[in-house]
Amino acid sequence: MKKILAAILIAAMILSLAACGGNSTPSTTKADGTTQAASKDDIKLASIAPITGNLAQHGVSIQNAVNLRLKQYNEAGGYQGRKVVVDFYDDQGTAAEAVNVANKIVDGNYIACVGPYTSACGLAIGSLFGEENITLYAVSASHEDFAKQNDMCTTQCAPQSRSREFECDWLWDEGYRKVAYLYLNDDTGNAAQNWFSKFWTAKGGELVLSESFLADQKDFSAVMTKIVSSGVEVISSYANYASAITIIQQARDLGYKGLIVFGGNAQQQEVIDVCGEAAEGVKFISQFSNDYPTEGVKAFVESYEKEYGRKPTQVDYQAYEATNHILQVLDELGPDDTKAIGEKIHNNPKSHSLYGDYPYVNGVPQFPLPIVQIKDGVYCTYK
Amino acid sequence: MLLQQLINGITLGATYALATVGFSLVYGVLELANFANGAFYILGAYFAMVLYASMGMNFAVSLALALAGTGILGAAMDAGLLRPIRSKGGTRTSMMISTLGVGTAITNLIIVLFGSETKRFPDAFGGKRLEFASAVVTYKQLFTILLCIVVMVVLSILVYRTKLGRAMRAISQNPVAARLMGIDTNTVILLTFFIGTMCAALSGTVVSMYLGSLDTTMYSSVNIKMFASAILGGVGSLPGAVLGGMILGMLETFVSGYISTAYKDVFSFAILILVLLFRPAGLLGQRTIKKV
Amino acid sequence: MIRKLISLWAKYEKWVTLVLVALAVLFPVISGFNRYVVNIGVMAGIYAILTLSLNMMTGYTGVVTLGHAAFYGLGAYAAGILNWRLGLNVPLTFIAAMVVSGLFGLLLGLTTLQLSGRYLTIVTLSFCEIIRILLINLEWLTRGPLGITNIKKANLFGFVFNTATKNYYLVLAMVLLSVFIVHRVMNSRTGRAIIALKNDETAASSMSVNVFAYKLRAFCISSAIAGLAGALYAHYIGYIDPNSFGFTQSIQILSMGILGGLGNIFGSIFGAVSLSVLPELLRSIGLEDFRQVIYGVLLALLVLIRPMGIFGKINLRHRRLQDSLQLAGEGEEAEA
Amino acid sequence: MSEIVLSGKGVTQRFGGLTAVQDVTFEVPKGEIVSIIGPNGAGKSTLFNCVTGIYTPTEGQIFFLGQEITGKKVHEISALGIGRTFQNIRLFSEMTALENVIVGSHAKAKSGIADALLHTPRYRREEEEAVKKAEEILKLTGLYEYRYHYATALSYGLQRRLEIARALASDPVLLLLDEPAAGMNEQETHSLTEFIRELKGMGYTILLIEHDMKLIMNISDYIYVLDRGIPIAEGTADEVRQNPLVIEAYLGKEA
């Protein structure tokens, strides 16, 4: 065998890829029926969201919120008469797909990108957006490293350090002393647990036990039994809404009567629908409450409910606020210098958010943290 | 606390056992790892949820319909896809990949139709429970454990006592000889798939009710545990499947109860490795001697 | 008709191969250096290496493995940890990845080779799960679920592979290397011994082939090549976490191998490329949500139509020799 | 007495309760054809498998060229110079006839993976030698014209001969033939007998298991007779032919 039998990339691939290459100029991806014709003078915004995969539920929220804000902005005349149009890209909630679609976005002359949803995807593509000087505005990335990657990376989610400190102060003031902490074993979950145990022990509180679990874990009966028998007053947890549901139900099944507190990302309508009255009294350290007493929030909740028939939750709010912030900076600086837009978003002394004028420091929002609770089957502000 | 953990362990063990029994039945007869088992586990649960929760039929009827419907689908998969492969002399690998394709298609079809958000599975026993001094046993837990025992007994009778069972065992030992002995292997295999799929649907429904909720990712955590219990108990042996499931369930519960939840998986797979090293055929599996 | 086509292909195999290699080399130019398309090319190349390595284990030794992603992950983590902790880069990380995965391949081989096919398939599945759990729990080494972030781009003696096109050529070179390894090993005394033990272990050992030793060699080469693919992925994506090397990944690699055709280098590459391109094609014609459904249905049907894969059982060298015999009119017609 | 190539002392093989072979002692002198005969289930194949290492005998020892080989692994025993054929044909289906024979000479070559990757001189030399030798053997066995055909695509008779060719490829000192004439008609058995006689002429020592009495009586120098695992007679062809025990074992008791 003198020669090498190297049949590498066969003709089929070349033809199909070239064909795919041909029509892959940033055509608008069909997403939930909102294909927008990209005419010449429109300003283009990109958005990465988990449209399919395990986090598809949040993908829908991001699409709804971004489309809603753009609709309002364009109806109010857009940017000097030019409409802002969005292209959605599906990262399926995985890092590899995020890189896959990120490559498409950075070539698609967008002014900025809303998303991705998770820190993992944000960390995978942050450097690429940094090099290409396009804003990467993550929706719920609360991992400390995300916003530190470069000036282009901003998140709409409060970092774990701030929300956990706020939670510990609140719990201490409410008189609770014995807490159990359950956290999803991913990058943000670990950060949440570290900060919580640091602040809680600093205040002198007793961290009875802290246990991690995997995303697809369904059985918490063992750990719940340990919690019930060790007289824990508060179960605090960082979990997505699916795990939150199983935690609430199994806690109540095993006779746990104490307080249950979650992070904002567990605040989804399904928690109420599935758990029913088992969810009564469950509280969330959230970034958003739908009856928060400001004009901006009231208008957002009404317009969202009118448009989609249900009240918005934290993810809806974060995507809406991110788009809102990008459009404000667009009004100030115009669409041409994407680097300037990114830097302004990264450090914006005064942004007109739904909560009023609050700053962004190094890509992190310094916004208030309302505490939301479930009362009579509805989310409402507790404090 | 120990009593409560014991109850939790048995319940979890029962859920793993139920999921494994269907898989082990098909594997025992055909030596085929049926990867569509997970999809039928989820499909059965969604079927029952639609009938029971959305359409309000009574629980027993919706459970029966869900089992029958999924079972027929499982049998259809065998008749439509696996039988032609068998007749064309295809290898077990091709059949395995075929079940994999069906599994992927069904699971994702459910995601497209129902969306991937978690849905509610109401408790057929209205949350009623028995409260002892230091332990709580909900009716759904009792139902799960009871059902696991019933299914094991029924299947054991089926496989070891009935004519169909003898045919199944004949096929598992030597398909060619079985055919020569006049056993209509295709029909027996069809029935095996029908029963195996029904088991998967049953375990999916029961677990959904135990957890009170269901979504399309619920199988992923059970999938690996099902393989582990099958191997632990001895692949292809029904009592082995239940034994393996119970051991795994108890082990995980006590590890997360007394050590930490993070390490429950590490322990269960460490045990699995030990069993594989010293008794590769599993606890109750038979060692196959190599004959020339 | 197909027989003539294959005979023709066998006859001009050398030329067909060179044309394909040329097309592969020119591919970025053909697609106009469009980053998105070239990126698909890179991932297709990485999967081609993975199916080649799977072909070595399942195609040649007949051992169906359901845990091949474990070696892919081990290679990625070996490269990722070395780069993150010690700042090492190509070629050291590649070699380390191949060695680490190779050793684990040896480990799997040692513990499971006494088992018959019946249990081996399921054991490889739990092996993959065990590796994933180890990666999650050894937090001091792998940062556990945090995964390893900002792994530097491949940097060969100063030349940094930072664009998709440069990475494409690096992956292409590695695909060539893998094909070279698999081709040369399989067309040698070792290769014949491996195929002999696949066809009939007892007969092979009676021809003084140490079946156990040769299966181990096949396992090690296979897992080492999969480790190489892992290292490429780590440097290219720059972020790895335990969950991207789990069960679904193993099944994807296996399906590519089966679809393309086992026991055939060309088939494996074709399987990898076509199943990497398919999801993107479906995405571009908007069948986003149905992508997985179509993928599943396609899998089930293809295995029905061609159980041993599209190019399975085709051996061009044999066909060429047999055809040459035909022309010389020595032997009567022998069914290929 | 010429040198003893293979010998077994008190070889016994039990499977659980069943004793397949009971206390068999035999010798195969160099250059001779020794046969083992006996009705079905007499333990002939079991004894064969003890010699080749597939089974490790429960009791007794086996010696090859003076060296004990009891309990050695199959590939170790065959590497010492024992070629064998199988009762039911076990050719390698995915390889051509030529390649099947080349695998037969596996023990004679040394090149490993490194040699294969770098195409070292050793690799090239051994490959050429192997092909040349295999083609020689194929010519000897009249299979040269089918060298590129898939082994399992050949006719039954050709496959039988190919198995023998494969066994010859390792230049064995001892050739074990397991019912080579099974399923052959008169004419084919005759040509097989001639072929085996040729092999003897070429100096091969042969141990044969066979049912076909005509073939056995024609070419065997020495015969051992087994019945239900127990050796009941041995001797030259003529002695065995008249031995009443043998007749009884084969034809049943006189009426």
Side-chain angles (χ1 to χ4, degrees), chain C residues 59-60 62 177 180-214 217-218 220-221 224 262-264 308 312-313 315 317-326 328-336, chain D residues 49 52-54 73-86 89-119 123 126-127 130 144-154 163 166-167 169-170 176:
Chain C
Y60 293 124
L177 177 67
F180 173 82
I181 294 173
V182 172
H183 174 68
R184 285 238 162 144
V185 167
M186 287 322 288
N187 281 296
S188 70
R189 173 173 176 260
T190 313
R192 280 189 297 273
I194 290 174
I195 295 179
L197 68 88
K198 175 191 176 188
N199 291 155
D200 187 326
E201 274 192 19
T202 320
S205 47
S206 307
M207 296 304 134
S208 61
V209 167
N210 183 340
V211 171
F212 186 68
Y214 276 98
R217 289 191 184 112
C220 290
I221 296 172
L262 286 176
N264 176 317
M308 63 282 198
K313 292 278 183 301
N315 186 321
R317 198 163 51 78
H318 288 165
R319 173 60 63 83
R320 193 165 46 253
L321 294 170
Q322 282 150 7
D323 290 350
S324 64
L325 222 58
Q326 239 60 59
E330 278 182 36
E332 85 288 8
E333 169 66 25
E335 181 254 333
Chain D
N49 288 332
T52 55
I54 290 173
K73 294 210 178 54
V74 178
H75 61 270
E76 288 160 349
I77 292 175
S78 73
L80 297 171
I82 299 180
R84 74 164 290 179
T85 66
F86 292 88
I89 295 178
R90 283 171 168 271
L91 288 167
F92 303 124
S93 53
E94 287 176 3
M95 288 200 245
T96 62
L98 182 68
E99 282 163 345
N100 266 272
V101 175
I102 293 175
V103 171
S105 68
H106 181 83
K108 302 237 313 306
K110 293 275 177 303
S111 66
I113 294 171
D115 302 285
L117 286 177
L118 310 170
H119 275 200
Y123 167 84
E126 282 183 354
E127 287 289 312
Y144 185 70
E145 57 187 300
Y146 306 110
R147 60 191 182 285
Y148 293 136
H149 293 148
Y150 281 102
T152 42
L154 298 174
E163 264 213 339
R166 184 175 67 176
S170 55
L176 304 179

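Bear in mind the structure is a predicted one, so any value in this text is a computation, not a measurement.
Every residue two or more places apart in sequence or in another chain that forms a salt bridge (Lys or Arg N to Asp or Glu O under 4.0 Å) with Arg192(C) is listed here: Glu127(D).
Only the backbone of Lys110(D) comes within contact range of chain C, with at least one heavy atom under 4.5 Å from a heavy atom of that chain. Of the atoms belonging to Ser93(D), heavy atoms from both backbone and side chain fall under 4.5 Å from chain C. At a 4.5 Å heavy-atom cutoff, the contact between Leu118(D) and chain C is made by backbone atoms alone. Contact annotation for Thr190(C): only side-chain heavy atoms (C-beta onward) come within less than 4.5 Å of a heavy atom of chain D.
What you find for Asp200(C) and Phe92(D) is that their closest heavy atoms are O-CE2, 3.9 Å. Of all non-hydrogen atoms in Ser78(D) and Ser206(C), the two that sit nearest each other are CB-O, 3.2 Å. The two residues Phe86(D) and Ala203(C) come nearest to each other via the heavy atoms CZ-CA, 3.7 Å. Smallest separation of non-hydrogen atoms from Arg84(D) and Met207(C): O-CE, 3.9 Å. In terms of heavy atoms, Ser208(C) sits closest to Ala79(D) at CB-N, 3.7 Å.
In terms of heavy-atom pairs under 4.5 Å with chain D, the best-connected choice from Gly263(C), Ala196(C), Ala193(C) is Ala196(C). Across Ala167(D), Ser170(D), Gly104(D), Ala109(D), the residue that shares the most heavy-atom pairs under 4.5 angstrom with chain C is Ala109(D). If you tally non-hydrogen atom pairs under 4.5 Å between each of Val103(D), Ile77(D), Leu117(D) and chain C, the highest count goes to Leu117(D).
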Task: Pair Thr96(D)-Leu321(C), side chain to side chain contact (heavy atoms under 4.5 Å, CB included): steps then yes or no - done: CA-CA 10 Å; Thr96(D) 62; Leu321(C) 294 170; 5.5 Å; no
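Expressed to the nearest 0.5 Å, how far CG of Asn315(C) lies from CE of Met95(D) amounts to 11.0 Å. To the nearest 0.5 angstrom, Tyr148(D) atom OH is 12.5 Å from Asp323(C) atom CG.
Between the side chain of Arg90(D) and the main chain of Thr202(C), no donor-acceptor pair closer than 3.5 Å is present.
A side-chain donor from one of His106(D) and Tyr214(C) sits under 3.5 Å from a side-chain acceptor of the other.
Remark: Lys198(C) engages Glu94(D) in a salt bridge, criterion side-chain N to carboxylate O under 4.0 Å.
Around atom NZ of Lys108(D), more than 12 heavy atoms belonging to other residues, nucleotides or ligands sit under 6.0 Å away.
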